[in-house]
Structures are given as structure tokens and as C-alpha cells.
Number of protein chains: 2
Amino acid sequence: MADKKMGITQRKEREKEEMRRLILAAALRLFRERGYDGVSIRNIAEAIEYSPGTLYLYYQDKSEIFFALQYEAAAVKRDYLLPVADIEDPWERLVEFGRRYVEFGMKHPDLYDLLFITRAPMEYIENQECWKLGLATHSFFKETVQACVDRRYFKSTDTETIAYTLWCHAHGLVSLFVRERMRMYPEDIRQELALKSFDMIVKMAGNL
Amino acid sequence: MADKKMGITQRKEREKEEMRRLILAAALRLFRERGYDGVSIRNIAEAIEYSPGTLYLYYQDKSEIFFALQYEAAAVKRDYLLPVADIEDPWERLVEFGRRYVEFGMKHPDLYDLLFITRAPMEYIENQECWKLGLATHSFFKETVQACVDRRYFKSTDTETIAYTLWCHAHGLVSLFVRERMRMYPEDIRQELALKSFDMIVKMAGNL
DNA sequence: TTGATAAATGAACAGTGTTCATTATTTTTG
DNA sequence: CAAAAATAATGAACACTGTTCATTTATCAA
């Protein structure tokens, strides 16, 4: 009797999880197309053919759906960056980390936006799992910079400032792109310009 | 008779202008506090003690109020940067331009947000006066970089990429700050870190 | 003072996030 | 298997949103 109950509980839990994934998938697709504010709970409900009220049985409110997506984005980003951990040489690791960071932003502008640009209730974000994930990635980045400092790849030994400076450039690069502030450059050279700029900062970094 | 009528027309025009300024001032204050989406037309109307419908006699819709504010922001930024035009030496001019750009972003995060981060209907923005103003400033920036290139202040001669790279860093610096993505650094060192990073990029730039 | 013109109003429309009593379904019990 | 209990889904309702427009109010010219 108890084990039968367990089986059902498990199935229920699985169904609940499936429902959550259904909601999230629809939400991501809609957010992608129309942005966070352009999408209503009713829109999402309609997309999955449920009533609006049902969504509130799986997520407390709209922002919780947002947070769930933000976590997914952080996971995708981590997976995108993870392979560089295998690169032994810290300098090569750092360059590849940067290259992949920018590539992630270019390929998934909606996810990048979710993670680094969208104005969410940031008072709460620190308590989210997502934040921990992001922090871990940031720590890995700083450790790589530290390893470069230890091997005298830079002139400066101020790891914190070096890491931050590199991050600033990469974030600026991606976010100008994502938020369409490069319209003064013809569309076909934007991507190229971004790549050239990345190469430039890499060369510069040797003189940091 | 005609001149009397003219006087009245002028006064009317002036009053209309005053009303616009009243709306804009209230809107900016509210946007500052609660963000674009957090403020309703009714909120603005209430703040200036008029009915919601009245605002539509002065602005076509909510986004036009946004555009008007964006223009104001562009004007403030231009005035903030203008004094550097007097600096003869292009390198000094460039550094001071960057310093002021960052300072502007830090002092007026709401205006910076309006100009470079907020998702506005960007399809229309190019037709706005604001865009022209921004373009002019960007051109001035690129000309200064060009002047530095001409005087061999950089190793590279790729003016476009150099300008873009510097802009990326400055924008990244400010926007991480403005959108609160520096929470992993203790609050009291954030500003300091930003300044250190700016100094670092200045030193680096000599090796661009 | 009256008639014309302009300005301000606020009710109304279709949308939003969210709640909750009601209904439908599924699971457990007798 | 039928009845009871538990769970899930619903959609109407509430207070909000941007926007429009017939109506009212205020200003101005004759």
C-alpha cells in the first residue's frame, strides 16, 4: 500500500515537472519573440491550452517563471563555458573563455539579456539558485586570471581589476549588440567589428 | 489685431511648452523611481494633477514621452561631454572624453539607461532627433580617435576597431553598474573598481 | 453678453497580473 | 464497484494598464 502510494506520488511529481517544463518552454518561446513585458500570463496559458489560473498552481507569479528561465539560461551558459576547464595553459584558457562568453551572447541574445541586462527584481535574485551558478562561473573566471597573474602573463598583478576590465569589455561588446546600439555601423560589419575588437583586446591584454 | 492675435498664439505656444515640461519632469522623476514599465499614464497625470486624457493632448502616446526624455538625456550627455572639444591634444581629449562618459553614466544612471540600455521601439528611434544628437557625439569620438591614430598614439591604425573597443569597455563598465550586475563585489569597492579599470584601460590603450 | 474655439475631463474599451469559489477529475476508502 | 476524499483545473472577478472620445468646462473674439 505504502509502495503503491509512493509510485503514484512519484508519477505526480513527474507530471508536475512536465507541466513546469511545458510552461517554461512556451514562456521562453514567447519571451524570445515579444520580450518579458510583451507576454502575458494569458498568452502563455493560451499557448499550452490551459486556463490562466492553472499557471499559478505551478509558479507563484510571473516573475518566478522569469527566474526559472534565468536559471536555465545560466545552466546553458555554464555548459557553454565548461569545456574550457580542460585547457591547461591559463592564458589559452582565458582567451577561449572570453571567446566562448562572447559567442554565447551572440548566439543566445535572449538568454544573455535574461542574465545580464533585463531589469528583474534584483533584490531577490541573490537568493536564487541562478545567482549561485553565476557566481561559480565568475569565480572560475577570476581563478583563471589569477593563474595568468601567477605566471606573469600580465604586467599588473591586480587580479581583481584585470578580471573586471576584461569582463567590462566582453559585456559591453555583447550588450551593445543585444540591445541594438550599433545601428551606426552597417549591419553586415557589426559582427566582424565585434570579432576584431575581441582580437584587439586579446592582444592588448598582454600589456595589461 | 493681427499682432494681438500673434501675441496670444505665442503665449499659447509657451503655455503648451510649459505643460510639456511639466509632464516630462514628472515622468522623469517617476521613471527614475520605478522604471518605464512601473509608471502608468495615470500615475503621471496624478502627479501633475491632471486627468489621464489630458496627457494625450501633448503627447501622442506613452512612448513619445519616453522619446522626449531620451532626447533630453542625449542633450545632457552632450553638454557633459562638450567641454572636452577645447582640449587640443587628441590623446588628452580622448582620455577626458572617456572619463566624462563614465562619469555621466555613474551620475545619471537613469539617463544612461534611457540612452543605451532600455528596450525602446528601436525601429523608430532612428527617425528621432535624439538619434542625430547621439550620432554627432559618436562621430566626434571617432574623429578624436582618428586624430590619435594620425599622431601614432596607437600601434594599430584601425580607427574603427579602436574606437569600438574603447566604447565597449566604457559601456560595459557603466552598464554593469547601472543594471546592478556587480553584486559579487562589496558595495563600497564597486566605484573604486570601476575607476581602477578605467585607469587600466587608459594605460592599455597606449599599446592598442 | 453671446457664439465660437480650445482645453480638460472621465467614462468606456480591451488589455494586464492575480485570486478564489466553483467544477471536474483522479485517487483512496469502505 | 460505489462513495468519499483529495487533487487539479477552471473562469469569473478585482484592481490595474494604455488609449479614445463624447461631453463638459474654460477661454477668447465679436
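Quick caveat: nothing in here was measured; it's all calculated off a predicted structure. Naming convention: chains lettered A, B, ... in sequence-line order (proteins, then strands); numbering from 1 in each chain.
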Take the protein atom [atom1] of [X] and the nucleotide atom [atom2] of [N], then report the distance between them rounded to whole Å.
X	N	atom1	atom2	answer
B:Arg20	C:dA7	CZ	C1'	14 Å
A:Glu15	D:dA9	CD	C1'	14 Å
A:Lys16	C:dT26	NZ	C1'	14 Å

>> Tell me whether A:Arg21 at atom CZ has more than 12 heavy atoms from other residues, nucleotides or ligands lying less than 6.0 Å away.
In response: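 Result for CZ/A:Arg21: open.
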
> Does CD in A:Gln60 sit with more than 12 non-hydrogen atoms of other residues, nucleotides or ligands closer than 6.0 Å?
Replying inline: no

Any carboxylate oxygen within less than 4.0 angstrom of a Lys/Arg side-chain nitrogen, looking at [X] and [Y]?
X	Y	value
A:Glu160	A:Lys142	yes
B:Arg42	B:Glu46	no
B:Glu17	B:Arg14	no

> Tell me, for nucleotides 10-21 of chain D in 5' to 3' order, what letter each nucleotide earns: B for a base near a protein heavy atom under 4.0 Å, S for only sugar-phosphate near one, - for neither?
Replying inline: BB-B---BBBB-

>> For the backbone of B:Leu193 and the side chain of B:Ser197, can you confirm whether one donor and one acceptor N or O come within less than 3.5 Å of each other?
In response: no

>> Under 4.0 Å, counting only non-hydrogen atoms across every strand here, what does B:Tyr59 touch: a base, just sugar-phosphate, or nothing?
In response: nothing

